[in-house]
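Report on one structure; see the data block that follows.
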Amino acid sequence: MDDEVPAREEMAYLLKRDSRVGEVATADDATAAMRLIGQRAPSAGRPDVLFLDVHMPGPSGIDLARFLSAMPKAPRVVFVTAHEDYAVAAFDLRAVDYLLKPIRQERLAETLDRLTVPDPGAEDPRVPVELAGRLRLIPRSDIWFAEAQGDYVRLRTADGAYLIRSTLGALEREWEGAGFVRIHRSMLVATRHVSELRFEGPRVKVQVGDELLLVSRRQTREVREQFVRGGGHTG
């Protein structure tokens with residue numbers, strides 16, 4: 001998807017030159033892209049990958065990617081732009097790659113490699129965080145706990161703490177099945193990093209790294225069951 005005809009035709013040409021690419025369809029705006037996706041027969045399935053220009057009249061490529069990300073089995077996304085300013089937003093949307101114009105065939109081939117070769121980090125996705133004006137990707141397995149702080153969530157690791165713009169509820173849904181348990185309404189804890197449970201009467205505390213965290217009364221039973229019945233990873 002690109003509103004500039006030469007850029008759109010050049011991308012389609014480069015994609016068609018690669019033997020790993022099958023059907024290529026083009027659109028000049030988000031409405032046309034959605035129409036193309038909707039017109040595909042159910043047997044054909046959704047497109048595997050969307051190459052989206054960022055700056056567009058009307059909804060941007062980022063707007064379209066954010067809308068599609070809510071769909072089950074959403075296509076993977078590669079952003080294509082002349083600007084470097086949207087890299088953080090691209091990684092927030094789990095984009096496969098971020099291509100800067102003009103596109104070179106060799107650089108596009110690297111992107112297609114990422115799309116066709118299994119990602120060794122897929123089982124341990126990276127979480128994008130901003131640090132002193134730079135984008136850093138931290139493995140989710142390094143996160144001790146996530147704590148809600150207003151419009152942000154604080155991620156605590158052995159190396160320090162990072163703020164990301166998200167909600168605890170969104171992370172809980174995204175990380176479902178990844179070994180995180182809610183110990184109270186504002187905190188998720190990674191069970192793999194819990195080294196000790198302390199039972200103080202009816203209350204429970206969990207040791208995570210060098211932090212001792214109190215479990216809320218509401219969550220005490222669930223946390224006890226998670227660990228005592230073998231669901232946790234203490235020790």
Side-chain angles (χ1 to χ4, degrees), residues 62 65-74 76-77 88-96 118-235:
I62 287 178
R66 185 172 289 117
F67 174 77
L68 291 173
S69 68
M71 295 182 174
K73 298 182 180 179
R76 303 174 79 184
V77 169
V88 172
F91 280 107
D92 281 344
L93 288 165
R94 305 294 189 264
V96 174
D119 181 5
E123 295 301 316
D124 187 14
R126 271 45 177 171
V127 179
V129 299
E130 286 188 82
L131 182 64
R134 295 175 297 160
L135 182 70
R136 182 175 179 183
L137 300 176
I138 59 174
R140 186 174 64 187
S141 61
D142 286 355
I143 297 171
W144 290 358
F145 59 82
E147 181 180 16
Q149 293 192 347
D151 295 331
Y152 294 83
V153 174
R154 184 173 74 101
L155 304 179
R156 178 74 162 87
T157 72
D159 295 330
Y162 310 92
L163 286 178
I164 62 171
R165 184 177 287 277
S166 185
T167 66
L168 204 66
L171 290 183
E172 185 174 28
R173 291 189 296 273
E174 183 179 345
W175 295 351
E176 183 179 3
F180 285 82
V181 60
R182 188 183 283 264
I183 66 167
H184 54 70
R185 65 188 183 91
S186 62
M187 185 173 289
L188 290 173
V189 166
T191 57
R192 66 171 60 85
H193 291 296
V194 175
S195 58
E196 183 177 301
L197 271 70
R198 298 188 185 182
F199 299 95
E200 300 177 358
R203 306 307 300 274
V204 175
K205 294 180 180 179
V206 293
Q207 185 76 44
V208 186
D210 57 6
E211 301 264 3
L212 186 61
L213 308 172
L214 180 66
V215 179
S216 72
R217 295 182 185 276
R218 180 188 292 264
Q219 300 298 130
T220 294
R221 179 176 178 181
E222 180 181 344
V223 171
R224 282 176 177 267
E225 292 177 350
Q226 179 81 15
F227 290 96
V228 176
R229 295 183 183 180
H233 299 272
T234 57

Working to the nearest 0.5 angstrom, can you tell me the gap between F180 CZ and H193 NE2? 7.0 Å
Minimum heavy-atom distance between V153 and L168, given as atom pair plus value: CG2-N, 3.8 Å
For residues 179-189, which residue pairs pass the side-chain hydrogen bond (donor to acceptor under 3.5 Å, both in side chains) check, not counting sequence neighbours? E172-R182, H184-S186
Nearest heavy-atom contact between I143 and A190 is O-CB, 3.3 Å
Which pair of heavy atoms, one from W144 and one from A158, lies closest together, and at what distance? CZ2-CA, 3.4 Å
I'd like to know whether V189 forms a side chain to side chain contact (heavy atoms under 4.5 Å, CB included) with V194, so could you lay out the CA-CA distance, the side-chain angles of the two residues, the decisive distance to 0.1 Å, and finally the verdict. CA-CA 8 Å; V189 166; V194 175; 3.5 Å; yes
Tell me if a side-chain donor or acceptor on R154 pairs with a main-chain N or O of A148 at a distance below 3.5 Å. no
Residues L171, L155; criterion side chain to side chain contact (heavy atoms under 4.5 Å, CB included); working and verdict: CA-CA 11 Å; L171 290 183; L155 304 179; 4.3 Å; yes
Whether T157 side chain and D142 backbone form a donor-acceptor pair below 3.5 Å: no
Could you report the tightest heavy-atom contact between R126 and P128, atom names first, then the distance? O-CD, 3.8 Å
For F199 and K205, what are the C-alpha separation, side-chain angles and deciding distance, and is it a side chain to side chain contact (heavy atoms under 4.5 Å, CB included)? CA-CA 7 Å; F199 299 95; K205 294 180 180 179; over 6 Å; no
Over all heavy atoms of both residues, which pair between Y152 and L163 is shortest? Give the atoms and the distance, please. CB-CD2, 4.2 Å
If I compare all heavy atoms of P202 with all of R217, which pair ends up nearest, and what's the gap? CG-NH1, 4.3 Å
Would you sort out whether R156 and E147 count as a salt bridge (Lys or Arg N to Asp or Glu O under 4.0 Å), showing the intermediate values? CA-CA 8 Å; R156 178 74 162 87; E147 181 180 16; over 6 Å; no
Tell me if a side-chain donor or acceptor on Q207 pairs with a main-chain N or O of G209 at a distance below 3.5 Å. yes
Report, as yes or no, whether the 6.0 Å neighbourhood of atom CG on D210 holds more than 12 heavy atoms from other residues, nucleotides or ligands. yes
Could you work out, with side chain to side chain donor-acceptor pair (under 3.5 Å) as the rule, every residue matching R136, not counting sequence neighbours? Y162
Are any of the side-chain nitrogens in E196 or R198 under 4.0 Å away from the carboxylate oxygens of its partner? yes
Spacing of CE belonging to M187 relative to CD belonging to Q219, to within rounding of 0.5 Å: 12.5 Å
